[in-house]
Amino acid sequence: MAEVEFREAVRDALDEELARDERVVFFGEDVAAAGGVFVVTPGLLEKYGPRRVFDTPISELALAGAAFGSAVSGIRPVIEIMFADFLPLAMDSLLNQATKYWYISKEQASVPLVVRSSCGAGGRFGAIHSQMPVSWLLGAPGLKIVCPATAGDAKGLLKAAIRDDNPVVFLEHKRLYSIKGEVNGEPVPIGKAAVVREGGDLTIVSAMKGVHDALEAADKLSEQGIEATVIDLRSLRPLDADAVVSSLETTNRLLVVEEGPATGGWAGEVLARVTEQALGSIDAAWRLATSDLPIPYSPQLEDAFLPGSDAIVRSVLERLRPAS
């Protein structure tokens with residue numbers, strides 16, 4: 001399999017789904033003529049024309065409303081909200097309408113829409129363009145939250161999201177757009193985690209950029225005699241708690257690494273779900289997240305703010321090898 005960039009994998013998924021199903025349309029701010037602010041979608045306008053790939057005014061509420069209306073009318077829209085920080089502007093159409101329409105229509109009408117959005121810190125975008133929106137969305141029944149960490153999953157999960165009959169928020173971490181990986185192009189089931197490293201002493205669970213930090217930390221911990229399993233959740237709703245519980249049967253120790261505030265974050269949900277299912281299998285369980293503060297713009301402060309690989313290593317050593 002050829003290696004491609006994460007951004008190219010996203011574009012290829014869109015390209016192939018537009019070609020496969022004429023009901024798929026793609027629209028958003030600067031996604032057509034400009035090819036996206038992160039250069040993810042060039043060439044789609046020229047290939048499919050302005051009826052299926054088009055730019056919109058700068059109005060996230062209008063985007064979400066158009067996506068909902070077209071989805072319940074038989075279209076399968078994919079929209080891009082440039083920065084996930086502005087998802088609150090789309091909340092009414094997304095959370096009050098799209099996620100509940102299947103229920104209030106007595107299961108007569110599905111809402112097959114996908115909201116793509118870039119998220120995450122580390123790129124010096126400041127407090128209003130670097131946030132993680134997961135905690136804002138996690139409690140919404142009917143919504144799926146997908147968060148790939150690799151190029152292969154970016155393509156496979158996006159294809160699955162476009163084919164899904166439920167509303168899906170598809171989160172793309174800005175720091176991952178340039179990473180490369182093998183891509184086979186097959187849809188990846190939503191709601192199935194991936195074990196990306198095996199170890200017997202500790203299970204580290206994360207998503208998106210955090211998976212790469214966890215893998216780097218696991219290599220450093222291995223040099224100190226601690227072998228860690230690393231699990232990439234791949235989606236946060238639905239959440240594959242069974243994969244984590246299965247790993248704990250071997251390791252008995254769990255660290256959940258979340259880029260996002262600890263208060264109300266998805267790491268706490270993972271810990272709660274796993275505790276409910278496997279309390280007797282856990283010797284230690286904790287989370288590492290960001291502080292409940294705005295994301296700094298200063299490079300030094302932003303780096304210190306994020307739960308990177310060195311912070312993961314420190315956290316593990318403090319828990320497993322406390323100072324005497």
Side-chain angles (χ1 to χ4, degrees), residues 6 10 37-38 40 60 64 80-91 94-95 114-140 143-150 153-154 157-158 161 167-177 179 190 193 204-214 231-240 255-273 287-299 301-309 311-312 315:
F6 189 105
V10 171
V37 68
F38 295 105
V40 178
E60 287 78 11
E80 179 182 312
I81 292 182
M82 191 181 295
F83 289 93
D85 310 71
F86 304 115
L87 278 168
L89 296 165
M91 287 296 193
L94 184 60
L95 300 190
V114 177
V115 180
R116 290 182 47 244
S117 199
S118 66
C119 62
R124 320 317 184 197
F125 282 88
I128 305 176
H129 291 77
S130 303
Q131 297 170 95
M132 279 292 178
V134 177
S135 60
W136 310 338
L137 305 168
L138 197 60
L143 182 69
K144 295 186 177 183
I145 305 172
V146 177
C147 45
T150 67
D153 283 346
L157 286 168
L158 182 53
V168 180
V169 172
F170 189 88
L171 297 175
E172 301 164 14
H173 198 293
K174 294 188 287 290
R175 297 294 301 280
L176 298 181
Y177 277 133
I179 69 165
I190 294 173
I204 304 176
V205 175
S206 196
M208 293 180 279
K209 173 69 165 52
V211 174
H212 300 272
D213 294 329
I231 295 179
D232 176 2
L233 288 174
R234 302 203 285 192
S235 70
L236 298 175
R237 189 179 182 110
L239 180 68
D240 189 359
L255 167 59
V256 187
V257 180
E258 174 182 4
E259 182 185 326
T263 302
W266 60 262
E269 179 65 19
V270 172
L271 291 175
R273 293 273 296 276
R287 59 185 164 176
L288 177 64
T290 64
S291 301
D292 290 341
L293 297 167
I295 299 166
Y297 175 74
S298 160
L301 293 178
E302 186 178 33
D303 290 344
F305 178 82
L306 292 171
S309 62
I312 295 171
S315 180

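If you're wondering where the values come from, they're calculated on a predicted model, not measured in any experiment.
Between A127 and P294, the shortest heavy-atom contact is CB-CB, 4.1 Å. Nearest heavy atoms, G260 versus A289: O-CB, 3.2 Å. Nearest heavy atoms, R175 versus G123: CD-N, 3.9 Å. Residue A140 comes nearest to R237 through the heavy atom pair O-NE, 3.4 Å, listed as atom of the first residue, atom of the second, then distance. Between L255 and S315, the closest heavy-atom pair is CD1-OG, 4.4 Å. Heavy-atom minimum distance, P167 versus L143: O-CD1, 3.6 Å.
Within the 3.5 Å criterion, the main-chain N or O of A121 finds no donor-acceptor partner in the side chain of E302. Between the side chain of H212 and the backbone N or O of A149, at least one donor-acceptor pair lies under 3.5 Å. Put simply, the side chain of S117 gets close to the backbone of I81: a donor and an acceptor are under 3.5 Å apart. A donor-acceptor pair under 3.5 Å links the side-chain atoms of E258 to the main chain of A267, judged by distance alone. A side-chain donor-acceptor contact under 3.5 Å links S206 to the backbone of V257. Looking at S118, its side chain never comes within 3.5 Å of a backbone N or O of H173 through a donor-acceptor pair. At least one donor-acceptor pair under 3.5 Å links the side chain of D85 to the backbone N or O of S130. For the pair D240 (side chain) and A193 (backbone), a donor-acceptor distance under 3.5 Å is present.
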I190/R234 under side chain to side chain contact (heavy atoms under 4.5 Å, CB included): CA gap, chis, key distance, verdict: CA-CA 8 Å; I190 294 173; R234 302 203 285 192; over 6 Å; no
L233/V270 under side chain to side chain contact (heavy atoms under 4.5 Å, CB included): CA gap, chis, key distance, verdict: CA-CA 10 Å; L233 288 174; V270 172; 4.1 Å; yes
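Here the CZ-CH2 distance, from R287 to W266, works out to 11.0 Å after rounding to the nearest 0.5 Å. To the nearest 0.5 Å, the span separating CD on Q131 from CH2 on W136 amounts to 4.0 Å. L158 CG to F170 CZ: the interatomic distance, rounded to the nearest 0.5 Å, is 4.5 Å. Taking CD1 of I295 as the start and OG1 of T290 as the end, the distance is 6.5 Å to the nearest 0.5 Å. Atom CG of residue L288 and atom CG of residue L306 lie 10.5 Å apart, to the nearest 0.5 angstrom. Note that the CZ atom of F83 and the NZ atom of K174 stand 6.0 Å from one another [nearest 0.5 Å].
Put simply, the side chain of K209 reaches to within 4.5 Å of the side chain of L176, judged on heavy atoms. L171 is not listed as a side-chain neighbour of L236, based on a closest heavy-atom distance of 4.5 Å or more. With contacts defined as side-chain heavy-atom distances shorter than 4.5 Å, the pair D303/R124 qualifies.
Between Y297 and F305, the gap from one ring centroid to the other reaches at least 6.0 Å.
Salt-bridge annotation for E172 and R116: present, with a side-chain N of the basic residue lying under 4.0 Å from a carboxylate O of the acidic one.
Of the candidates V168, T150, V146, L157 forms a side chain to side chain contact (heavy atoms under 4.5 Å, CB included) with just one, namely V146.
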